[in-house]
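Side chains are part of it too, since the values below use all heavy atoms of this structure and drop only hydrogens, waters and symmetry mates.
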Amino acid sequence: MKLEDLRDKQKERAASDEELRQALEREFQVIGRRLRRTDGLSKSTGRTVYTDDIVLPGMLHGKILRSPHPHAHIKSIDASRALALDGVHAVITGSDMPVPYGILPWTRDEHALCVDKVRYVGDGVAAVAAVDEETANRALELIEVEYEAVRHYLDPKEALADPETPIHEPHKPGENGNVSKRVHLEFGDVDRLMEGSEVVVESEYYFEGTTHTAIEPHCAIGYYDASGKLTVWSATQVPHYLHRELARVLDLDVARVRVIQPAVGGAFGGKSEPFDLEFCVAKLSMATGRPVKILYTREEVFYAHRGRHPMLMRYRTGADRSGRIKAVDASTVMDGGAYSSFGLVTTYYSGQLVTMPYAMESYRFDSTRVYTNKPCCGPKRGHGSVQPRFAIEVQLDRLAEALGVDPIELRRINSLGSDTRSVNEFRVTSNGFLECLEAVEAASDWTNKYRRLPYGRGVGVAGSCYISGTNYPIYPNEMPQSAVQLQVDRSGRVTVFCGASEIGQGSDSALAYIVAEELGVPLDYIRVLSADTDLTPVDLGAYSSRETFMCGNACIAAARQIKEQVRQAVGEAWGCRSKQVALAGGWAFDVRDTGQRLPISEAFNLAEARFGTLGAVGCYNTPKDIHGDYRGGTIGSSPAYSFTAHVVELAVDPETGFVEVEKIWIAHDCGRALNPILVEGQMEGSAYMGFAEAILEEHIFKESGLHNAPSLLDYKIPTSLDTPEMESLIVESLDPEGPYGAKEAGEGPLHPSIPAIANAIYDAVGVRPDRLPFSPPRVWTAIQARRVREEAGELVLWKREPRETALPVTGD
Amino acid sequence: MLRLHPYRYHRPRELAGALELLKVHAGNVMPIAGGTDLMPNMKHRLFTPGHLVSLKGVEGLYGIEERDGEIWIGACESLTSVASAPLVKRYYPSLAFAASTIANPMIRNQGTIGGNLCLDTRCTYYNQTHFWRQALGFCLKRDGDVCHVVKGGTRCVAAHSADTPPVLITLGASADLASTEGTRTIGVEEFFTADGVWNTARKPHEVVTRVRLPKPPAGLRTSYQKLRERKSVDFPILSVALAVAMADTDTVASISLVVSGLGAKPRTIGQLDDIAAGRQLDAGIIEAVAEQAYRQCHPLANIIVDSDWRRAMVRVYVRRAFRDIQSKSEAAA
Amino acid sequence: MIEVIELTVNGDRHRIGVPSHYTLLETLRYVLGYTGSKQGCDKGDCGSCTVLVDGVPTLSCILPVQEAVGHEVTTVEGLAGPDGPHALQDAFDICGAAQCGFCTPGVLIAAASLLRQTESPSRQEIKTALSGNLCRCTGYTKIYEAVELAARAAREGRKPSELVQR
Ligand SMILES: Cc1cc2nc3c(=O)[nH]c(=O)nc-3n(C[C@H](O)[C@H](O)[C@H](O)COP(=O)(O)OP(=O)(O)OC[C@H]3O[C@@H](n4cnc5c(N)ncnc54)[C@H](O)[C@@H]3O)c2cc1C
Ligand code: SF4
Ligand code: FES
Ligand code: FES
């Protein structure tokens with residue numbers, strides 16, 4: 001076939017003359033359209049390869065022996081009987097990997113396998129590689145571990161009160177080894193302003209722990225090849241950090257370690273740091289020279305955890321008569337579980353991330369993270385701020401009631417606005433919070449519902465704000481946070497190499513849309529190769545809602561270089577200025593005469609002839625001077641912030657306490673929606689997850705330190721029949737620094753669900769459930785307690801006339 | 001993954017063959033129907049028989065048909081069939097409804113009514129992995145000698161958690177059992193015992209071959225109410241089955257009320273005829289029946305749900321069952 | 001003990017040796033390489049392992065493999081045909097109903113069975129049919145939209161992509 005014939009095929013699929021003329025009228029060709037994902041069909045046809053789908057020749061299967069004790073010293077481990085078992089290839093223990101690790105370089109307090117002490121039921125103590133999983137399981141039973149159990153702590157209060165058997169060595173002699181981190185920050189004179197406030201509301205809130213529950217259990221494969229190179233395939237959302245930690249813990253040259261992230265079946269923060277299985281598959285492969293796979297059971301996923309910290313929060317909020325917030329005073333005890341994880345950051349986030357979207361005159365928080373003998377808490381979608389957001393937004397509802405102001409109006413009055421600084425001195429640029437409030441107010445018919453629905457039915461509102469990436473990486477360095485490399489083929493195909501982690505949120509697709517927008521190639525000419533440390537430039541990973549913002553910007557930077565080369569080469573060929581050449585719809589064309597055009601591959605060929613092989617790199621680094629100049633001021637500062645408002649409508653069954661959340665209106669300022677379908681998907685997924693935490697989920701433990709219910713039957717995540725109807729209302733505030741103005745949508749929209757539900761329950765039945773989850777027994781007990789007080793004349797009959805005292809009943 | 005222990009899987013075609021296998025391998029064999037209860041339990045090492053005898057291929061265990069003034073349901077009929085069979089829907093709507101609330105659509109396709117009758121009891125300290133149970137210390141239902149629910153208790157109080165048996169009891173159903181020794185028929189009410197370790201009168205080598213239901217008396221009003229956390233998948237944490245036989249349109253002849261999901265045996269609430277027989281079904285009667293049920297039911301901490309609330313819900317769910325039959329008969333009229 | 005069995009998967013008859021205590025899911029994934037069916041809980045709680053057995057949605061993680069012998073097993077790989085993806089598969093892509101995609105194979109199987117029984121399922125019917133398939137990413141809304149789109153396409157004898165304005 002001649003080159004010409006190849007191009008004819010491309011011309012058939014490229015845009016028509018008419019379409020090109022229309023294209024000229026639009027700002028974007030690809031961005032903002034409801035397009036397919038790059039991985040949608042491969043997922044829906046069952047072809048996408050996840051880690052457990054990979055089988056390597058000669059692969060062994062590993063299993064990890066876990067501690068049955070919540071807190072104990074390891075006296076001895078005898079693996080000789082396991083090693084003698086037919087089919088067992090290796091057994092490793094903590095002493096084989098003595099270097100401690102931790103996602104934050106300041107708090108490396110974990111070992112790949114416990115060295116001298118176990119700190120929760122499920123802590124790993126030894127690992128086996130065998131011909132198959134069943135043999136590995138049998139081998140575990142043959143490993144003899146002698147423990148000396150010591151006092152264990154499940155309640156942070158006890159761990160704080162009694163440092164006698166500390167879970168970790170104290171940071172400094174004389175300190176309590178059970179304190180993981182304490183942060184105390186004050187902005188403005190809280191005491192004075194609180195004193196001067198005309199209304200003060202105060203309450204205590206408890207947020208129960210919850211966990212991510214991605215449907216894919218963690219899985220990893222390690223292979224240490226004959227040349228001494230280690231490759232680890234893992235269902236991780238932070239391949240770069242894993243890469244570094246593997247090299248450190250295993251004492252390998254980091255240049256000879258490769259991490260590949262296959263497709264990940266959900267993560268939500270639950271795969272955002274290294275886990276024991278990744279070190280173990282690597283070490284077991286080094287010991288055997290064979291590939292080794294470990295797949296967690298669902299039970300092990302619950303032990304790996306890193307989910308939402310339980311938090312006990314005391315809040316005082318003061319305002320003047322018009323409702324303006326004068327002072328917020330928060331004090332929080334966080335149950336961190338056995339290790340640090342991201343805990344240092346979480347402790348800051350618990351205070352730093354809740355000042356917006358409101359203007360407040362003064363603010364103080366005091367947060368203490370405490371170690372307990374339970375699986376370690378960490379970052380779950382909305383890291384660190386979902387819990388205090390619950391408290392702060394219910395406080396506002398209380399305040400609105402005390403003042404007799406509509407709660408939406410109260411939020412409006414206090415809205416921070418754009419191009420300003422928060423009380424804790426974070427720089428805010430774009431801010432669509434008021435539009436969000438307006439959108440949910442209108443869509444939900446709020447004014448006709450608030451306090452006007454009959455007893456048992458209610459509406460509630462809440463707002464929130466979240467980061468779009470963090471200004472600082474988690475290990476200090478000056479290098480870019482994200483980078484992209486583009487490679488252009490003579491066929492018109494463009495490959496995007498990027499370290500970003502696709503975990504279902506659509507980051508691969510976002511990169512493809514950007515390249516398609518900039519280079520005018522059809523979407524299916526773009527291949528995205530992501531998260532392989534041998535092939536892709538560094539991106540720090542899928543956390544803190546950073547991917548779209550950071551790798552998006554990096555990708556634009558790379559694509560524009562190629563775009564300029566192509567326009568210049570084509571301009572030269574046509575004898576016109578390069579500005580006159582546009583790339584869209586599969587063509588390079590003259591903006592003054594769409595008839596003058598070349599298939600995009602031909603344009604690429606001209607550029608390649610002119611400039612040599614086409615390729616470009618682009619990177620993004622955050623601005624660093626956009627926060628306050630105080631210790632901790634960097635943590636929680638972001639180049640941009642997203643804003644959200646929810647209205648929830650629900651029915652409470654007063655006889656049973658069941659809360660039926662019927663609908664959630666979600667308005668979210670995502671900056672610009674690169675693809676509204678993906679943004680809506682994130683909004684709905686987030687609101688669903690918040691709803692689940694509000695009503696159903698609790699990550700709790702029995703007295704013995706055992707997880708209450710490490711299964712998908714007993715840890716209740718909502719089914720289709722439980723999940724409320726959701727309506728997504730996208731608000732676009734166009735951020736000056738975001739790619740095309742985009743910010744984030746993956747985490748922000750989770751926050752308001754929980755307080756909006758709490759506030760709606762109050763509207764429905766007049767009780768404030770200040771403890772999560774709002775399970776039927778809790779709500780029912782609160783309703784009973786209110787009835788007693790109503791009957792005693794201490795409280796008015798909530799939304800009922802005296803003659804209707806008999807409780808009306810909703811259906812089941 | 002949760003790997004299973006090694007076993008041999010037998011698929012007899014004839015009932016006699018199945019019964020023979022159960023006899024030959026006695027002590028090391030279990031029947032399996034849909035496996036939706038047994039497979040998860042085996043993955044937790046709650047049972048480790050060396051042989052499984054599949055009932056699914058046994059021809060005689062199917063069919064939903066009218067026989068001698070009764071309705072017979074073959075033990076291997078799936079819950080989906082029970083929920084949708086026209087005969088069941090016509091005569092026993094509360095049974096069809098109960099079956100339709102079980103687990104989820106797939107499990108209803110796989111699970112059988114026979115298996116539902118023989119469902120193992122459930123407890124938060126029992127339905128856990130081997131690792132978990134070992135870490136806590138085994139309990140007397142399996143591998144151990146203490147009860148974690150009732151400290152110092154010597155009897156297992158794991159909960160009967162199947163949805164259809166309470167309804168079957170209110171409908172006066174019985175079950176046919178077969179073994180190499182012969183066959184026998186036993187009322188579903190008598191089929192259950194208060195021992196959480198093995199809560200049925202079925203001997204390990206016996207097979208439930210069918211459930212038999214008497215034709216309902218004219219005007220029998222029934223309801224089934226299930227309390228659970230989620231609207232799908234979940235087992236009942238309380239269930240109420242009600243059948244009210246009417247002497248005429250207004251007067252109650254007798255009431256059969258079964259509350260379950262609490263202890264090892266579905267509890268038939270006693271002394272109801274004193275309250276209701278020959279009286280009009282009014283709010284006063286309903287309250288009295290609800291109170292009677294409340295007094296007779298004492299939920300234990302065999303699941304992690306507030307026991308006071310669970311107990312209070314007995315009253316509420318009994319009321320709801322009555323309200324349900326009232327609204328249905330209003331709709332019919 | 002290894003048993004030699006004949007298993008028909010997506011129309012192909014396989015003669016294989018499997019340990020007698022394997023489930024259908026273990027056999028599909030680790031013996032035959034049909035990795036489309038996923039494992040999320042391995043004990044009947046999540047629905048990711050759903051396959052069709054003689055057209056009936058079934059949890060393969062709790063089905064002894066022998067129970068599939070003599071029956072037709074269809075996995076997500078078997079939904080697509082020589083003409084391309086099944087309308088549902090295409091609709092899932094169009095509507096963004098697969099995010100991480102891990103629940104997707106099971107959800108698709110349950111939905112395919114629904115559409116075989118019902119031409120125009122209501123929202124409530126869709127919810128009920130999918131009530132054994134846990135999805136942690138989507139909040140289900142986009143999944144419903146996809147099922148509705150595929151159903152409409154089937155009714156109108158068109159492709160899902162022809163029904164959406166982009
Ligand atoms: C996630 C999940 C949710 C569930 N939710 C519910 C629920 O809401 N309500 C509910 O009732 N159940 C529920 N179940 C349990 C189970 O699915 C059903 O009870 C089902 O009816 C069991 O039937 P089966 O045929 O699968 O039983 P199997 O698992 O085959 O057998 C169960 C037991 O009965 C014995 N057995 C089976 N058939 C016979 C027979 N004919 N004769 C003698 N012995 C027999 C077996 O040896 C075994 O001990 C749930 C299960 C799961 C996994
Ligand atoms: S009730 Fe007691 S003996 Fe029975 S299963 Fe539960 S803990 Fe074990
Ligand atoms: S893997 Fe089969 S139901 Fe979860
Ligand atoms: S798409 Fe991720 S679990 Fe459903």
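Annotation: side chain of C:P64 is in contact with side chain of B:I32 (closest heavy-atom distance under 4.5 Å).
Residue contact with chain B, scored on non-hydrogen atoms closer than 4.5 Å, involves the backbone of C:C41 exclusively. At a 4.5 Å heavy-atom cutoff, the contact between C:L63 and chain B is made by backbone and side-chain atoms alike. Contacts of C:P19 with chain B are absent, with no heavy-atom separation under 4.5 Å from either backbone or side chain.
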Please list every donor-acceptor pair closer than 3.5 Å that links chain C with chain B, giving the two atom names and the distance for each.
unit_1: C:S20; atom_1: OG; unit_2: B:Y7; atom_2: O; d: 2.5
unit_1: C:E26; atom_1: OE2; unit_2: B:R3; atom_2: NH1; d: 2.7
unit_1: C:D42; atom_1: O; unit_2: B:K43; atom_2: NZ; d: 2.8
unit_1: C:D42; atom_1: OD1; unit_2: B:K43; atom_2: NZ; d: 3.0
unit_1: C:D42; atom_1: OD2; unit_2: B:L2; atom_2: N; d: 2.6
unit_1: C:P57; atom_1: O; unit_2: B:N109; atom_2: ND2; d: 2.9
unit_1: C:L59; atom_1: N; unit_2: B:Q110; atom_2: OE1; d: 2.7
unit_1: C:L59; atom_1: O; unit_2: B:Q110; atom_2: NE2; d: 3.2
unit_1: C:C61; atom_1: O; unit_2: B:K43; atom_2: NZ; d: 2.8
unit_1: C:Q66; atom_1: O; unit_2: B:R11; atom_2: NH1; d: 3.3
unit_1: C:E67; atom_1: OE1; unit_2: B:R11; atom_2: NH2; d: 3.3
unit_1: C:E67; atom_1: OE2; unit_2: B:Y9; atom_2: OH; d: 2.4
unit_1: C:E67; atom_1: OE2; unit_2: B:S54; atom_2: OG; d: 2.5
unit_1: C:S131; atom_1: O; unit_2: B:S232; atom_2: OG; d: 2.9
unit_1: C:S131; atom_1: OG; unit_2: B:S232; atom_2: OG; d: 3.2

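Nearest heavy atom pair, residue B:M39 against residue C:I62, reads CG-O, 3.3 Å.
Residues that satisfy the salt bridge (Lys or Arg N to Asp or Glu O under 4.0 Å) test with C:R155, not counting sequence neighbours, are absent from this structure.
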